[in-house]
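These notes concern the structure reproduced below.
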Amino acid sequence: QVQLVESGGGLVQTGGSLRLSCAASRRTFTSYAMGWFRQAPGKEREFVGFISRSDDTTYYADSVKGRFTISRENAKRTVYLQMNSLKPEDTAVYYCAAGPGGSRDYEYGYWGQGTQVTVSS
C-alpha cells in the first residue's frame with residue numbers, strides 16, 4: 001500500500017505559476033512511475049503527465065507541454081508538478097498517482113486525495 005498526499009494547490013491569476021507536491025509514504029517510491037491527472041467540474045479525469053521510475057523520463061499531454069514540468073526527488077519520496085503560464089482552463093482538482101506508468105488512469109493503482117487549482121481570468 002502506498003499513500004500519496006498532494007499539496008500546493010491554490011488560487012492564481014492567469015499567467016501565474018504554482019508548484020504541486022506529492023509525498024509518498026513508502027520507501028518503495030522508486031519502484032513506481034508517478035503520474036499527474038486532473039479533473040475539472042463536469043469533465044472526466046484527464047492525463048497531465050508522468051515521470052518514469054528509473055531514468056526520470058517525462059511525458060506530457062499536449063495541453064500542458066512546454067508549460068508544466070514533472071520532477072521527482074527520491075530521497076524525499078516526493079514528486080513535483082511545476083505549472084507555469086497557467087490558464088483558466090487549467091482549473092481542476094489535480095491528483096498524483098503511482099503505478100507502472102502511462103497515460104491512462106487505470107494504469108495507476110494508488111492515488112492521492114487531490115488538490116484544487118483555480119486559475120482566475
Side-chain angles (χ1 to χ4, degrees):
Q1 189 79 6
V2 178
Q3 293 182 329
L4 303 172
V5 179
E6 300 100 334
S7 61
L11 174 65
V12 64
Q13 291 186 333
T14 296
S17 298
L18 279 176
R19 188 178 79 157
L20 305 183
S21 300
C22 173
S25 62
R26 292 194 64 175
R27 294 176 183 175
T28 52
F29 172 73
T30 55
S31 300
Y32 300 98
M34 299 298 296
W36 285 95
F37 291 77
R38 65 186 182 185
Q39 187 167 21
K43 295 187 177 181
E44 293 186 354
R45 186 162 55 189
E46 68 170 346
F47 171 74
V48 173
F50 82 88
I51 186 167
S52 69
R53 64 178 184 177
S54 56
D55 59 2
D56 288 352
T57 299
T58 52
Y59 182 79
Y60 301 96
D62 288 343
S63 58
V64 306
K65 199 173 296 182
R67 300 188 298 122
F68 290 12
T69 303
I70 299 173
S71 61
R72 63 191 298 164
E73 194 169 356
N74 290 334
K76 294 186 176 181
R77 299 199 297 271
T78 300
V79 63
Y80 304 99
L81 178 64
Q82 177 67 45
M83 305 185 293
N84 298 328
S85 302
L86 283 161
K87 306 174 182 180
E89 51 264 44
D90 294 319
T91 295
V93 177
Y94 283 71
Y95 299 90
C96 69
S103 61
R104 308 298 177 91
D105 56 6
Y106 59 74
E107 295 177 284
Y108 296 85
Y110 303 101
W111 292 82
Q113 82 289 350
T115 185
Q116 176 70 47
V117 171
T118 303
V119 184
S120 63
S121 56

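With hydrogens and angles disregarded, a donor-acceptor distance shorter than 3.5 Å links the side chain of Arg67 to the backbone of Ser63. The closest donor-acceptor contact from the side chain of Gln39 to the backbone of Lys43 lies under 3.5 Å.
In this structure, Phe68 is not a member of the same hydrophobic cluster as Tyr80, with clusters built from ILVMFWY side-chain heavy atoms closer than 4.5 Å. Tracing side-chain contacts under 4.5 Å through hydrophobic residues (I, L, V, M, F, W, Y), one never reaches Met83 starting from Val93; they form parts of separate clusters.
Remark: Tyr59 OH is loosely packed, at most 12 non-hydrogen atoms of other residues, nucleotides or ligands lying under 6.0 Å away. Crowding of Lys76 atom NZ: a count of heavy atoms from other residues, nucleotides or ligands under 6.0 Å not exceeding 12. Other residues, nucleotides and ligands place more than 12 heavy atoms under 6.0 Å from the CD atom of Gln82.
Taking CG of Asp56 as the start and OG of Ser71 as the end, the distance is 8.5 Å to the nearest 0.5 Å. Put simply, OG on Ser52 and CE on Met34 are 12.0 Å apart, with the number rounded to the nearest 0.5 Å.
The nearest pair of heavy atoms linking Gly102 to Tyr108 is O-OH, 2.6 Å. Scanning both residues, Ile70 and Val79, for their nearest heavy atoms gives CG2-CG2, 3.8 Å. Of all non-hydrogen atoms in Tyr60 and Thr69, the two that sit nearest each other are OH-CA, 3.3 Å. Shortest non-hydrogen contact noted between Ala24 and Val2 is CB-CG1, 4.3 Å. The minimum heavy-atom distance linking Gln113 with Leu4 is given by the pair OE1-O, 3.5 Å. Residues Gly101 and Glu107 share a closest heavy-atom pair of O-OE2, 3.4 Å.
In this structure, a donor-acceptor pair under 3.5 Å is absent between the side chains of Thr30 and Asn74. No side-chain donor-acceptor contact under 3.5 Å links Tyr94 and Glu6.
Arg38 is not listed as a side-chain neighbour of Tyr95, based on a closest heavy-atom distance of 4.5 Å or more. In this structure, the side chains of Ser120 and Thr14 stay at 4.5 Å or more apart for every pair of heavy atoms. In this structure, Thr115 and Leu20 have side chains that are in contact, with non-hydrogen atoms separated by less than 4.5 Å. Side-chain atoms of Thr91 and Gln116, non-hydrogen and from C-beta on, do get closer than 4.5 Å to each other.
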So Tyr32 and Arg53, side chain to side chain contact (heavy atoms under 4.5 Å, CB included) or not? Walk me through it.
CA-CA 5 Å; Tyr32 300 98; Arg53 64 178 184 177; 5.5 Å; no
Step-by-step side chain to side chain contact (heavy atoms under 4.5 Å, CB included) determination, Trp111 to Asp105
CA-CA 10 Å; Trp111 292 82; Asp105 56 6; 3.6 Å; yes
Where do Thr58 and Phe50 land on the side chain to side chain contact (heavy atoms under 4.5 Å, CB included) test, with the steps shown first?
CA-CA 6 Å; Thr58 52; Phe50 82 88; over 6 Å; no
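Side-chain rings of Phe37 and Phe47 approach one another, their centers coming within less than 6.0 Å.
When the options Leu11, Asn84, Val117 are evaluated for a side chain to side chain contact (heavy atoms under 4.5 Å, CB included) with Leu18, the one that passes is Val117.
Using a cutoff of 4.0 Å between basic side-chain nitrogens and carboxylate oxygens, Lys87 and Asp90 are not scored as salt-bridged.
Taking the ring centre of Phe29 as origin, the terminal cationic atom of Arg72 falls inside the region bounded by 6.0 Å and 45° from the ring axis.
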